[in-house]
Amino acid sequence: MDTGILILRLLVGLLVAGHGVQKINSHLGGRGLAGGTEEFRADGFRGGALTALAAGGGQIGSGLLLATGLLTPLAATGAIGVMTVALTVKWHNGLWVQNDGYEYPLVLIGAAAALAATGPGAWSLDAALGLTPYPLWWAALALLAGLGSGLLTRLVLHRPAPAAPRAAAPGER
């Protein structure tokens, strides 16, 4: 079981961290901070470079914590939060990734929640430091706090779409 958890932690953690790296520099196929800023603006978010830095930093930090198995509930909370924001961006496209849907962020949210529920396993920094096992309620807290922080981020930083121009009624100019 510990081997499976280690594989899951490394896969999810490094993917989330790599996604963050892409937001703030040109490594791993990213377009640098300017590209991350442009991506957030195109998705309707305020904050420019600061938003891109916060998102990228949150993804890098939570991803590396997950990968190493350190402070696993906190790491899961961060990963769930940033992926919830991504899910909200892609929501209107439906589930499937072929249509730029939210399938991928949803899988990462589920995997991070599963890691919060199972714990990081024996081959983790949490275990080496004697921080495990975490009580199961930490998993529920991580899921709720992650979802809540992602939805709050969306609410606070996302600009409403401009209203569509109203068609003139008959007889109006």
| task | Please state whether the rings of Tyr102 and Trp91 are parallel, tilted or perpendicular, taking 30° and 60° as the class boundaries. | result | parallel

| query | If you take all heavy atoms of Ala76 and Leu66, which pair is closest and at what distance? | reply | N-CD2, 4.1 Å

| field | Spacing of CG belonging to Leu143 relative to CD1 belonging to Ile80, to within rounding of 0.5 Å | value | 5.0 Å

| note | Nearest heavy-atom contact between Tyr134 and Leu71 is OH-CA, 3.7 Å

| task | State, to 0.1 Å, how close Ala75 and Leu70 come at their nearest heavy-atom pair, and which atoms those are. | result | CB-O, 4.2 Å

| said: Ignoring hydrogens, what is the shortest heavy-atom contact between Ser149 and Gly81? Give both atom names and the distance. | reply: OG-CA, 3.7 Å

| field | Trp123 CH2 to Ile5 CD1 distance, which is reported to the nearest 0.5 Å | value | 10.5 Å

| query | Applying the 4.5 Å side-chain criterion to the ILVMFWY set and letting contacts propagate, would Ile109 and Leu15 be lumped into a single cluster? | reply | yes

| Shared hydrophobic cluster, Trp138 / Leu129 (ILVMFWY, side-chain heavy atoms < 4.5 Å) | yes

| Hey, what do you get for CZ (Phe40) to CG (Leu50), rounding to the nearest 0.5 Å? | 11.0 Å

| Between Thr153, Asp43, Leu157, which is the residue that forms a side chain to side chain contact (heavy atoms under 4.5 Å, CB included) with Thr51? | Leu157

| note | Correct closest heavy-atom pair for Asn93 and Asp100 would be ND2-O, 2.9 Å

| request: Find the distance between CG (Leu108) and OG (Ser62) and round it off to the nearest 0.5 Å. | output: 10.0 Å

| said: Less than 4.5 Å apart, side chain to side chain, heavy atoms only: is that true for Leu131 and Leu125? | reply: no

| query | Does any donor atom in the side chain of Thr72 or Asp126 lie under 3.5 Å from an acceptor atom in the other side chain? | reply | yes

| Contact check, side chains of Leu115 and Leu8, non-hydrogen atoms, under 4.5 Å | yes

| query | Should Leu87 and Val156 be counted in the same cluster of Ile, Leu, Val, Met, Phe, Trp and Tyr side chains packed under 4.5 Å apart? | reply | no

| Heavy-atom check, side chain of Pro120 versus side chain of Thr132, under 4.5 Å | yes

| said: Can you confirm whether Ser124 sits close enough to Thr68 that some side-chain heavy atom of one is under 4.5 Å from a side-chain heavy atom of the other? | reply: no

| query | Out of curiosity, does Val16 fall in the hydrophobic cluster containing Val97 (side-chain heavy atoms, cut-off under 4.5 Å, transitive links)? | reply | no

| request: Could you pull out the closest heavy-atom pair between Arg154 and Phe45, with the gap in Å? | output: CD-CZ, 3.9 Å

| Note, Leu155 side chain near Leu151 side chain (heavy atom, < 4.5 Å) | no

| query | Within the side chain of Asp2, is there an N or O that forms a donor-acceptor pair under 3.5 Å with the backbone of Gly121? | reply | no

| request: Any chance you could measure Thr77, atom OG1, to Leu144, atom CG, to the nearest 0.5 Å? | output: 9.5 Å

| request: Begin from the C-alpha positions of Gln98 and Glu103 and carry the test side-chain contact (heavy atoms from CB on, under 4.5 Å) through to its verdict. | output: CA-CA 9 Å; Gln98 290 87 339; Glu103 173 186 1; 4.1 Å; yes

| task | Would you mind reporting whether Arg31 and Glu39 have side-chain heavy atoms less than 4.5 Å apart? | result | yes

| said: Do Leu14 and Leu28 land in one hydrophobic cluster if side-chain heavy atoms of ILVMFWY residues count as linked below 4.5 Å? | reply: yes

| query | For Gly4, does its backbone N or O pair with a side-chain atom of Arg9 as donor and acceptor, under 3.5 Å? | reply | no

| note | So CD1 of Ile60 and NE2 of His19: to nearest 0.5 Å the spacing works out to 11.0 Å

| request: May I ask you to test the Gln59-Met83 pair for a side-chain heavy-atom distance under 4.5 Å? | output: yes

